[in-house]
Amino acid sequence: MISLSAQAAHRRGIAQRGEEVIFQRISGVAPRTVTFSAVVSAMVANYQPDGQDPARAGYGASQPGSITQGDRQVIVMIEDLAQARFPLPVQKNDNIILSSTGEKLNVTRVDMQKRAFAGAIELGAAGVA
């Protein structure tokens with residue numbers, strides 16, 4: 001069940017800090033590929049290492065919990081994607097193109113549950129910063 005107040009708060013946040021992005025999925029194999037695209041507003045944030053925590057040694061970039069350069073957090077409203085006719089659910093390896101810079105991000109993590117109460121999806125995406 002979606003909380004209307006949480007949904008409204010997410011929409012306000014996206015309206016204030018969000019940007020226009022293009023969600024893109026390419027399906028099939030050549031020469032019969034199909035491309036799905038949807039232009040929506042989403043909040044895109046760079047992950048920032050916490051400078052207050054002491055540095056820890058022995059953790060590689062492939063281990064859980066690590067953040068690599070170019071990792072982003074993307075929050076988008078499910079309803080916006082559905083209205084734009086993007087095939088749900090969002091999947092790993094879908095693309096997100098930032099309209100402001102043209103940068104192409106690859107979806108690496110999809111969390112359908114974390115913000116479901118607000119009708120939103122939280123994604124992890126990687127690209128070059």
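Just so it is clear, the values below take in all heavy atoms, side chains as well, and ignore hydrogens, waters and symmetry mates. Along the sequence shown, the residues carry numbers beginning at 1.
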Output the distance between atom [atom1] ([X]) and atom [atom2] ([Y]), rounded to the nearest 0.5 Å.
{"X": "Phe23", "Y": "Asn95", "atom1": "CZ", "atom2": "CG", "value": "10.5 Å"}
{"X": "Glu103", "Y": "Leu98", "atom1": "CD", "atom2": "CG", "value": "5.5 Å"}
{"X": "Asp94", "Y": "Phe86", "atom1": "CG", "atom2": "CZ", "value": "4.0 Å"}
{"X": "Ile78", "Y": "Gln7", "atom1": "CD1", "atom2": "CD", "value": "9.5 Å"}

Next on the checklist: If you apply the rule side-chain contact (heavy atoms from CB on, under 4.5 Å), what do you find for Val21 with Val74, and how did you get there?
Outcome noted: CA-CA 10 Å; Val21 298; Val74 180; 5.7 Å; no
Please give me the minimum heavy-atom distance between [X] and [Y], naming the atom from each residue.
{"X": "Ala82", "Y": "Leu88", "result": "CB-CD1, 4.0 Å"}
{"X": "Met77", "Y": "Ala118", "result": "CE-O, 3.3 Å"}
{"X": "Ala126", "Y": "Thr108", "result": "CB-CG2, 3.9 Å"}
{"X": "Arg25", "Y": "Pro89", "result": "NH2-O, 2.8 Å"}

Checklist entry - Any side-chain heavy atom of Glu122 sitting closer than 4.5 Å to one from Arg109? => result yes
Next on the checklist: Can you confirm whether Arg17 is buried at CZ, in the sense that more than 12 heavy atoms of other residues, nucleotides or ligands lie under 6.0 Å from that atom?
Outcome noted: no
Checklist entry - Hydrophobic clusters join Ile, Leu, Val, Met, Phe, Trp and Tyr when side-chain heavy atoms are under 4.5 Å apart, directly or via other members; which others share one with Ile97? => result Ile22, Val39
Item to check | Pair listing, side chain to side chain donor-acceptor pair (under 3.5 Å) test, anchored in residues 26-39, at least two apart | outcome: none
Checklist entry - Residues in salt bridge (Lys or Arg N to Asp or Glu O under 4.0 Å) with Lys92, at least two apart? => result none
Next on the checklist: Walk me through whether Met43 and Gln16 qualify under side-chain contact (heavy atoms from CB on, under 4.5 Å).
Outcome noted: CA-CA 9 Å; Met43 193 170 349; Gln16 290 174 357; over 6 Å; no
Next on the checklist: I'd like to know if the side chain of Glu19 pairs up with that of Ser100 as donor and acceptor (distance under 3.5 Å, no hydrogens or angles considered).
Outcome noted: yes
Next on the checklist: Test salt bridge (charged side-chain N to carboxylate O under 4.0 Å, His left out) on Arg11 and Asp80; report intermediate values, then the result.
Outcome noted: CA-CA 10 Å; Arg11 286 206 176 276; Asp80 293 350; 3.1 Å; yes
Next on the checklist: For a side-chain contact (heavy atoms from CB on, under 4.5 Å) check, start with the C-alpha distance between Val107 and Ile96, then their side-chain angles and the critical distance, and finish with the verdict.
Outcome noted: CA-CA 7 Å; Val107 174; Ile96 300 170; 3.8 Å; yes
